[in-house]
Amino acid sequence: MSPDIDPILGDWDFRPDEVTVRSIRTEDGSERIQLRLDLGLLQMHVDGRPDGRRIHDCESWLEYHQRRQAQHDAANPDAARYLLDPEDCIELLREGMQYYHRYLSFWHLSRYELCARDTTRNLELFRFVRNHARHDRDKLQFDQWRPYVTMMHTRAVATPLVELEEMEAAIGVIDSGIQQLEDFLAEYGQEEQSDRLGELQFLRRWRKDLMTQSGDSTADDEGAPDPVEQLREQLAEAIAEERYELAAELRDQLRRLENPQPPQLP
């Protein structure tokens with residue numbers, strides 16, 4: 001068999017303005033997820049690590065370090081806590097990116113349960129690194145993605161409930177996501193930035209829309225300014241005042257709010 005993948009790519013166009021993904025079956029009948037990229041594609045297993053590898057007889061680097069941490073704590077109950085070195089964090093970040101590509105693919109395939117599973121996994125990864133990374137810079141390298149993954153997890157859990165018209169349950173899920181994002185800001189002493197966190201504004205706006213759809217006119221945020229309109233006004237002011245760096249930042253926030261997309265991972 002030729003290693004040339006041009007025939008595959010030639011039959012499957014890359015579309016730069018959207019996530020191009022599909023499910024395929026291998027010769028043995030196993031399912032794989034394929035994500036089309038500009039110069040090729042990613043092929044991922046549905047379960048376990050997306051690349052299908054096992055790490056030291058564990059499903060992933062995360063599971064491996066969790067097992068080692070449990071063994072360390074059991075053997076040394078009074079010793080210093082288990083720590084992740086920068087090299088460990090590099091492996092964990094690379095692995096987290098694999099799960100990121102897969103949960104994004106599941107989302108666009110409307111495989112919401114699997115998207116929720118993988119976002120839960122990456123949120124667990126962030127929590128483990130926060131608790132065990134030796135250096136703060138490594139903690140921040142992971143935790144900067146927590147708002148986005150929290151939003152995606154909330155969407156993956158709440159969307160099927162909306163489709164079933166279980167509005168009360170869906171709003172409860174969204175409320176939990178909003179609370180988690182507010183807690184995130186509080187952890188970093190950034191509560192005053194809530195109006196600038198696109199993921200939080202997206203969930204608040206979605207909640208308000210669902211409350212309106214369900215006929216509840218007593219939503220606690222009724223009458224609150226539309227965050228999209230707020231950003232548009234701020235953007236117009238920044239351009240008029242020739243504050244172009246601020247305008248660029250506001251434009252990015254507006255795009256994320258109107259059409260949430262995954263951040264560019266390092």
Side-chain angles (χ1 to χ4, degrees), residues 3 5 19 21 26 30-77 79-109 111 113-153 156 180-181 183-184 187-188 199 261-266:
I5 65 172
V19 176
V21 61
T26 64
S30 301
E31 184 182 15
R32 298 287 186 272
I33 303 299
Q34 291 184 340
L35 177 64
R36 184 71 160 88
L37 305 176
D38 191 6
L39 295 175
L41 59 86
L42 296 178
Q43 179 163 298
M44 297 167 280
H45 289 244
V46 172
D47 299 308
R49 260 178 66 115
D51 64 3
R53 290 180 57 207
R54 288 187 63 81
I55 306 297
H56 301 298
D57 200 33
C58 295
E59 180 178 289
S60 63
W61 278 112
L62 175 59
E63 183 183 290
Y64 169 73
H65 283 290
Q66 288 174 325
R67 183 179 298 181
R68 289 194 63 189
Q69 178 253 321
Q71 293 169 346
H72 172 273
D73 290 353
N76 307 280
R81 62 191 176 91
Y82 182 79
L83 293 176
L84 296 167
D85 288 321
E87 296 78 10
D88 301 321
C89 292
I90 289 172
E91 289 287 1
L92 287 167
L93 181 61
R94 186 178 297 118
E95 181 175 84
M97 289 175 64
Q98 289 190 19
Y99 284 86
Y100 153 75
H101 284 117
R102 190 169 69 185
Y103 77 63
L104 179 66
S105 299
F106 284 144
W107 170 259
H108 285 275
L109 289 170
R111 306 278 288 273
E113 182 177 354
L114 293 174
C115 179
R117 179 199 68 186
D118 280 357
T119 48
T120 296
R121 186 267 178 201
N122 267 7
L123 289 170
E124 181 182 352
L125 167 66
F126 303 161
R127 182 166 51 251
F128 187 78
V129 172
R130 284 199 308 276
N131 291 334
H132 297 286
R134 186 180 298 275
H135 302 297
D136 286 343
R137 64 177 177 272
D138 290 322
K139 298 177 186 180
L140 292 173
Q141 189 175 22
F142 286 79
D143 221 29
Q144 65 179 318
W145 309 119
R146 194 177 2 151
Y148 176 77
V149 182
T150 298
M151 179 193 71
M152 288 301 298
H153 178 75
Q180 291 174 55
L181 292 179
D183 290 345
F184 169 82
E187 286 177 33
Y188 288 96
E199 294 85 355
Q261 293 292 324
Q264 293 299 312
L265 293 177

Contact summary for Arg81 and Ala133, nearest pair of heavy atoms: NH2-O, 4.2 Å
Nearest atoms (heavy-atom pairs only) where Pro147 meets Phe184: CG-CE2, 3.4 Å
Residue pair Ala116 / Ala156: nearest heavy atoms and the distance that separates them: N-CB, 3.8 Å
Note, Pro50 side chain near His101 side chain (heavy atom, < 4.5 Å): no
Any side-chain heavy-atom pair of Asp47 and His45 under 4.5 Å: no
Minimum side-chain heavy-atom gap Cys89-Gln141 below 4.5 Å: no
Identified side chain to side chain donor-acceptor pair (under 3.5 Å) partner of Tyr82 from the options Gln66, His132, His65: His65
Spatial distance of atom CG (Leu104) from atom CG (Leu35) [nearest 0.5 Å]: 6.5 Å
Side-chain touch Leu84/Asp138, heavy atoms, less than 4.5 angstrom: no
Heavy-atom closest contact (Phe106 atom, Val46 atom, distance): CZ-O, 3.9 Å
Side-chain touch Arg130/Arg146, heavy atoms, less than 4.5 angstrom: yes
Arg49 vs Ile55, side-chain contact (heavy atoms from CB on, under 4.5 Å): CA-CA, chis, key distance, verdict: CA-CA 9 Å; Arg49 260 178 66 115; Ile55 306 297; 4.0 Å; yes
Test item: Val19 and Trp107 side chains (from C-beta on) under 4.5 Å apart, heavy atoms: no
Note: Glu91-Arg53 ion pair, threshold 4.0 Å (strictly below): no
Non-neighbouring partners of Phe126 that pass ring-ring contact (aromatic ring centres under 6.0 Å, His included), sequence neighbours left out: none
Heavy-atom donor-acceptor pair, Ser30 side chain to Thr26 backbone, under 3.5 Å: no
Atom pair CG (Asp118) and OH (Tyr99), whose distance is rounded to the nearest 0.5 Å: 7.0 Å
Ion pair check, Glu124 and Arg121, cut-off under 4.0 Å: no
Separation between CD1 of Ile5 and CD of Gln43, rounded to the nearest 0.5 Å: 10.5 Å
Worked verdict on Asp143 versus Tyr188 for side-chain contact (heavy atoms from CB on, under 4.5 Å): CA-CA 11 Å; Asp143 221 29; Tyr188 288 96; 2.6 Å; yes
Distance in Å, Leu42 CG paired with Gln98 CD, rounded so as to fall on 0.5 Å steps: 9.0 Å
Pairwise side-chain contact, Thr150 with Glu199, heavy-atom cut-off 4.5 Å (strictly under): no
Interatomic distance, Met151 atom CE to His153 atom NE2 [nearest 0.5 angstrom]: 13.0 Å
Residue pair Leu125 / Gly96: nearest heavy atoms and the distance that separates them: CD2-CA, 4.0 Å
Lys/Arg N to Asp/Glu carboxylate O, Glu113 vs Arg117, below 4.0 Å: no
Shortest non-hydrogen separation from His108 to Val21 and the atoms involved: CB-CG1, 3.8 Å
Distance in Å, Leu62 CG paired with Asp88 CG, rounded so as to fall on 0.5 Å steps: 12.0 Å
